[in-house]
Participant: 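Dropping a structure here in structure tokens format, bear with me for questions.
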Amino acid sequence: MSILVIGGGPAGLMAADVLSSARVSVDLFDAMPSVGRKFLMAGKGGLNITHSEPWDAFVARYGARSAIIEKHLKNFTPDDFRAWVHALGVETFVGSSGRVFPKEMKAAPLLRAWLRRLRANGVQFHMRHKWVGWDREKLKFETPQGSAVFSGDGVVLALGGGSWPQLGSDAAWVNVLRGRSVDIAPLQPSNCGFDVNWSAFFREKYAGAPIKAVVASVSGPGEDMIRRQGEFVVTSTGVEGSLIYALSANLRDTIAMHGKAVLWLDLAPGKTHAQLEQSLQKPRGRKSLPNFLREYAGLEGAKVGLLREALKPDDFANTKHLAATIKAFPLTLIATRPLGEAISTAGGVRFDALEENLMLKNIPGVFVAGEMLDWDAPTG
């Protein structure tokens, strides 16, 4: 049996790994000169490969697709994933946040070991082969030498979404599959940054500054509040970072419905509202406002800048109002950053278009994997 795998990202490489380990002949194709480019880019941040949290919490990260994704996750759990990484000779550790990383905090050693095993298993790599559709029953590719066609007993499509197109995921497959009547949800940014109408002063002073140790809340399905603790970064256009990414699906969908989304920030999670209000009642004396807020509220830097964005000078003398704003700061987000800047893509091939084992109903023998599927991939 021979299988064609289209796409050299993690989903395509894993498909090739599973198939070749079962003694199936595999040809893997990618439009780029080398595989795993986005994987290597992710490794610059330490390569958070999975999470050690309890199963129910882990599955809940998949949001609206949790029920569908869970049955697939059970076939390859986070523990299975760590064992798979260890089998490649790469050690892992659990960080203080519960996230799991390679001991070296790099993607390249893992990718090199992975490719060695794939080649040892007989996987044939075809680089600079861009899939453009079908020529009758064969798959058609554009290559530097011209058009080429290949056929096999089955096909796995793992072409990624539309984020970071410079690394290979240009979403050209969307029109190809729609031409074969495959139902595809529009691609949207996921794990992305958002735009905020900063004042010129705030933008110039704080772009690039971290906002650490905050709790963020946003309305979820059914108007229940979703709360996450963490940190993010101020950008010249708005905000980005791990805490923002964790809430991005709800924020994105709220903006789509209402034209904006309010992210409520507790800027002093280490103090209760009562404790904070009591501290702020102390006389300011000759202390500057930043020094006063640092000493009695634990705020400094961009957190103080945020308060100055929202409050008038007289508001800082109103202890109740100031404490309330620190504990529930309303940060209004007006738009997602463009799809090309996002870490990953939501939308894609709808699960209704797939059989239970992720084969396309309209094109028997063709399977879909990874970011091409209609789901919001969690990060962190």
Side-chain angles (χ1 to χ4, degrees), residues 1 3 5 7-26 28 30 34-63 65-123 125 154 156 158 160 191 242 246 343-344 356-358 367-373 375-380:
M1 176 180 287
I3 301 294
V5 176
L13 294 175
M14 185 59 78
D17 194 346
V18 173
L19 290 164
S20 63
S21 295
R23 300 180 182 274
V24 174
S25 175
V26 177
L28 186 145
D30 196 278
S34 58
V35 299
R37 294 197 163 204
K38 193 174 178 183
F39 181 74
L40 290 172
M41 176 65 75
K44 291 185 177 181
L47 195 65
N48 169 205
I49 60 173
T50 188
H51 206 290
S52 63
E53 66 194 345
W55 177 256
D56 289 346
F58 183 78
V59 172
R61 288 179 178 268
Y62 293 80
R65 296 290 183 266
S66 293
I68 294 174
I69 298 295
E70 182 176 13
K71 60 186 178 183
H72 298 290
L73 291 174
K74 286 181 177 178
N75 293 323
F76 197 66
T77 67
D79 287 341
D80 293 333
F81 189 28
R82 290 189 72 185
W84 175 84
V85 172
H86 297 161
L88 288 173
V90 176
E91 295 182 46
T92 63
F93 72 95
V94 179
S96 58
S97 64
R99 300 172 187 172
V100 180
F101 300 89
K103 189 173 181 180
E104 293 185 53
M105 297 291 285
K106 296 178 181 178
L110 194 158
L111 181 60
R112 286 196 296 268
W114 199 359
L115 294 178
R116 281 196 297 270
R117 183 163 76 185
L118 292 174
R119 292 190 175 101
N121 285 347
V123 175
F125 291 86
V156 177
N191 300 301
S242 58
I343 290 178
S344 58
E356 186 176 0
N357 56 4
L358 305 182
F367 298 79
V368 179
E371 203 174 338
M372 290 179 68
L373 298 169
W375 59 309
D376 268 290
T379 182

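Because the structure is a prediction, the values reported are computed rather than measured.
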Participant: With a 4.5 Å heavy-atom cut-off, do L373 and V368 have their side chains touching?
Facilitator: yes

Participant: Looking at every non-hydrogen atom in both residues, tell me the closest pair between S21 and N121 and how far apart they are.
Facilitator: OG-ND2, 3.5 Å

Participant: I want to check something: taking the side chain as every heavy atom from C-beta on, are F39 and L13 in contact at a cut-off of under 4.5 Å?
Facilitator: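 SC-SC contact between F39 and L13 ruled out.
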
Participant: Working to the nearest 0.5 angstrom, can you tell me the gap between L88 CG and L115 CG?
Facilitator: 10.0 Å

Participant: Do L358 and H72 come close enough that some side-chain heavy atom pair is under 4.5 Å?
Facilitator: yes

Participant: At their closest point, which heavy atom of G370 faces which heavy atom of A11, and how far apart are they?
Facilitator: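 For G370 versus A11, the nearest heavy atoms are CA-CB, 3.8 Å.
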
Participant: Nearest 0.5 Å, please: how far is CZ in F58 from CG in L73?
Facilitator: 6.0 Å

Participant: Quick check for you: to the nearest 0.5 Å, what is the distance between M1 atom CE and R23 atom CZ?
Facilitator: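 So the gap between those two atoms works out to 15.0 Å.
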
Participant: Between atom CE of M14 and atom CH2 of W114, what is the distance when rounded to the nearest 0.5 Å?
Facilitator: 4.5 Å

Participant: Taking all non-hydrogen atoms of both residues into account, name the closest pair between H51 and G98 and its distance.
Facilitator: ND1-O, 3.4 Å

Participant: Can you tell me if CE on M105 sees more than 12 non-hydrogen neighbours from other groups inside 6.0 Å?
Facilitator: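 Yes, the 6.0 Å shell around CE holds more than 12 heavy atoms from other groups.
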
Participant: Give a yes or no on this: more than 12 heavy atoms of other residues, nucleotides or ligands lie within 6.0 Å of atom CD of E53.
Facilitator: yes

Participant: Rounded at 0.5 Å granularity, tell me how far CD in E356 sits from CD1 in I68.
Facilitator: 11.0 Å

Participant: Looking at every non-hydrogen atom in both residues, tell me the closest pair between V94 and S52 and how far apart they are.
Facilitator: CG1-OG, 3.4 Å

Participant: Counting C-beta onward and ignoring hydrogens, is there a side-chain heavy-atom pair between V100 and F81 closer than 4.5 Å?
Facilitator: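 No. Closest side-chain heavy atoms not under 4.5 Å.
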
Participant: Scan for side-chain hydrogen bond (donor to acceptor under 3.5 Å, both in side chains) pairs involving residues 78-88, sequence neighbours excluded, and state none if there are none.
Facilitator: D17-W84, T77-D80, R82-T92, H86-T92

Participant: With a 6.0 Å cut-off (strictly less than), is the heavy-atom count around NZ of K71, excluding the residue itself, greater than 12?
Facilitator: yes

Participant: So S20 and L118, do their side chains get closer than 4.5 Å, heavy atoms only?
Facilitator: yes

Participant: Going by the rule side chain to side chain donor-acceptor pair (under 3.5 Å), which residues pair with E70 if we only count those two or more places apart in sequence or in a different chain?
Facilitator: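 Residues passing side chain to side chain donor-acceptor pair (under 3.5 Å) with E70: W55.
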
Participant: Which atom names give the shortest non-hydrogen contact between G8 and D30, and what distance separates them?
Facilitator: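 Looks like N-OD2, 2.6 Å.
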
